[in-house]
Amino acid sequence: MANRTDPLAKSIHGTNPQNLVEKIVRSKIYQSTYWKEQCFGLTAETLVDKAMELDHTGGTYGGNRKPTPFLCLTLKMLQIQPDKDIVVEFIKNEDYKYVRVLGAFYLRLTGTVADVYQYLEPLYNDYRKIRHKLSDGKFTLTHVDEFIDDLLTKDYCCDTALPRIQKRWVLEASGTLEPRRSALEDDFEEEEEDKEEEQPMNVDEPNGREKHDHYRGRSPTKERDRDRKHERHHRDRDYDRDRDYGRGRERDRDRDCERDRDRDRDRDRDRHRIRDEDYSRDRDRERDRDGRERERRDRDRGRRRSRSRSRSRDRRERDREDGEYRRRRGRGSVSPRGRAEDGGSRDEPKKRKEKKEKKGDGNAPDPTDPEIIEMNKLRASLGLKPLK
């Protein structure tokens with residue numbers, strides 16, 4: 001419950017405001033002691049007291065990437081989503097520089113492009129020193145204007161990915177923003193006016209004429225206007241040159257990205273072609289191996305078949321030889337008496353066969369039967385044998 005976003009909070013850039021901080025950094029913040037002890041139950045009013053206690057900026061540091069109090073308060077502001085007026089007061093606060101930096105960082109994450117340039121560019125005139133904690137836990141010295149420049153020109157700050165914003169010259173071309181006017185421009189104009197007023201008009205004593213003729217008949221106001229026009233012309237030319245340079249850099253960056261994409265595409269194509277060649281080579285090698293294995297199996301099967309055939313032939317020959325040997329041996333080993341005894345037993349099958357033939361002759365058809373004679377003629381005409 002303590003880590004949930006306010007139900008009344010609006011989505012920022014189409015997502016939950018807390019999602020603007022990466023998930024890993026967000027989980028580190030939820031597990032930190034400062035978040036559990038100091039940020040629990042904070043509101044938009046009590047958040048100011050914690051912001052006034054800040055003494056440095058930074059993201060995460062150390063081996064276990066502990067978050068800084070600055071990053072914890074930023075996530076708390078994303079969670080409770082204070083009003084825009086409160087954030088603007090943070091930025092306009094000149095007494096506490098870390099409160100101003102915290103409001104600027106929050107506005108850079110959640111504000112529109114016009115609000116970002118409108119409220120952050122005046123902070124270029126703040127040259128106060130601030131401490132920034134590095135990733136190794138050491139401190140480095142920087143300034144408020146440098147921190148603001150990082151927010152406006154870089155895509156990553158304090159271990160947080162900043163939303164992309166358009167270039168200023170694009171917004172000026174579309175009429176969203178007016179051309180930027182430096183805060184020192186008025187001071188320069190005042191100094192120039194003071195110098196022109198204090199410049200003495202040297203006059204020659206004999207003839208009373210002015211020493212420099214090119215000042216004769218010229219008004220200081222016209223001279224000042226002409227100088228301003230000249231400076232404005234130079235400033236516009238510098239701005240156009242910077243804009244063209246920015247466009248050229250973007251064009252070169254796009255060309256480099258396109259070249260890198262083409263190189264990656266060619267590399268992927270070569271990788272796929274090499275992989276296909278390796279696959280076809282492995283497939284051919286596997287097919288050859290399978291063919292050799294099949295030939296070897298067929299050869300072994302034929303060899304086993306011929307071996308079994310020769311073995312069965314040898315067995316038949318051996319059985320035949322053994323049978324003849326037994327028959328000869330049995331015939332030679334029978335005694336005369338046994339043969340006489342066996343004679344009767346041998347005659348019995350013959351008598352039985354003769355009885356069957358006699359019975360068959362009684363049932364046999366008569367060859368003089370006219371039907372049998374006609375049938376034999378018909379069979380003879382067909383080329384068949386006569387009936388027995």
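Only a predicted model underlies this, so the values are computations on that prediction, with no experimental measurement involved.
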Should [X] and [Y] count as an ion pair when the cut-off is N to O under 4.0 Å?
X: Asp256; Y: Arg253; result: no
X: Arg301; Y: Asp298; result: yes
X: Arg296; Y: Asp300; result: yes
X: Arg269; Y: Asp266; result: yes
X: Arg267; Y: Asp270; result: no

Does a side-chain heavy-atom distance below 4.5 Å link [X] with [Y]?
X: Gln166; Y: Leu171; value: yes
X: Ile148; Y: Arg108; value: no
X: Arg287; Y: Asp284; value: yes
X: Leu162; Y: Leu109; value: yes
X: Val116; Y: Leu152; value: yes
X: Asp254; Y: Glu258; value: no

Which pair of non-hydrogen atoms, one from [X] and one from [Y], has the smallest distance, and what is that distance?
X: Asp126; Y: Arg100; answer: OD2-NH1, 2.9 Å
X: Cys158; Y: His132; answer: SG-CE1, 4.1 Å
X: Leu73; Y: Cys39; answer: CD2-SG, 4.1 Å
X: Thr176; Y: Ala114; answer: CG2-CB, 4.4 Å
X: Val87; Y: Pro82; answer: CG2-CG, 4.2 Å
X: Ile80; Y: Ala44; answer: CD1-N, 3.8 Å

In one Ile/Leu/Val/Met/Phe/Trp/Tyr side-chain cluster, 4.5 Å: Tyr61, Leu71: no
Co-membership, hydrophobic cluster, residues Val144 and Leu134, 4.5 Å side-chain: no
Using a cut-off of 6.0 Å, state whether more than 12 heavy atoms not belonging to [X] lie near its atom [atom1].
X: Tyr34; atom1: OH; answer: yes
X: Arg297; atom1: CZ; answer: yes
X: Glu371; atom1: CD; answer: no
X: Tyr156; atom1: OH; answer: yes
X: Lys97; atom1: NZ; answer: yes
X: Glu178; atom1: CD; answer: no
X: Ile24; atom1: CD1; answer: no

Trace of the side-chain contact (heavy atoms from CB on, under 4.5 Å) decision for Val99 with Leu54: CA-CA 8 Å; Val99 175; Leu54 292 176; over 6 Å; no
Atom [atom1] in [X], atom [atom2] in [Y]: separation rounded to 0.5 Å?
X: Asn19; Y: Leu78; atom1: CG; atom2: CG; answer: 10.0 Å
X: Ile372; Y: Lys377; atom1: CD1; atom2: NZ; answer: 13.5 Å
X: Gln18; Y: Ile12; atom1: CD; atom2: CD1; answer: 12.0 Å
X: Ser27; Y: Arg65; atom1: OG; atom2: CZ; answer: 12.5 Å
X: Phe147; Y: Ile130; atom1: CZ; atom2: CD1; answer: 6.0 Å
X: Lys129; Y: Glu146; atom1: NZ; atom2: CD; answer: 11.0 Å

Heavy-atom donor-acceptor pair, Arg131 side chain to Phe139 backbone, under 3.5 Å: no
Heavy-atom donor-acceptor pair, Thr68 side chain to Gly58 backbone, under 3.5 Å: yes
Flag for Tyr98-Asp55: side-chain donor and acceptor within less than 3.5 Å: no
Sub-6.0 Å ring centroid separation between Phe105 and Phe70: yes
Check against side-chain contact (heavy atoms from CB on, under 4.5 Å), Met77 and Thr110: CA-CA 10 Å; Met77 293 181 67; Thr110 60; over 6 Å; no
Test log, rule side-chain contact (heavy atoms from CB on, under 4.5 Å), inputs Thr160 and Thr74: CA-CA 10 Å; Thr160 305; Thr74 302; over 6 Å; no
Full working for side-chain contact (heavy atoms from CB on, under 4.5 Å) between Tyr117 and Ile165: CA-CA 10 Å; Tyr117 283 106; Ile165 57 175; 3.9 Å; yes
Full working for salt bridge (charged side-chain N to carboxylate O under 4.0 Å, His left out) between Glu295 and Arg292: CA-CA 5 Å; Glu295 291 178 359; Arg292 288 195 299 271; over 6 Å; no
All pairs passing salt bridge (Lys or Arg N to Asp or Glu O under 4.0 Å) where residues 69-95 contributes a residue, at least two apart: Lys84-Asp115
Full working for salt bridge (charged side-chain N to carboxylate O under 4.0 Å, His left out) between Asp278 and Arg281: CA-CA 5 Å; Asp278 295 339; Arg281 192 182 302 110; 2.8 Å; yes
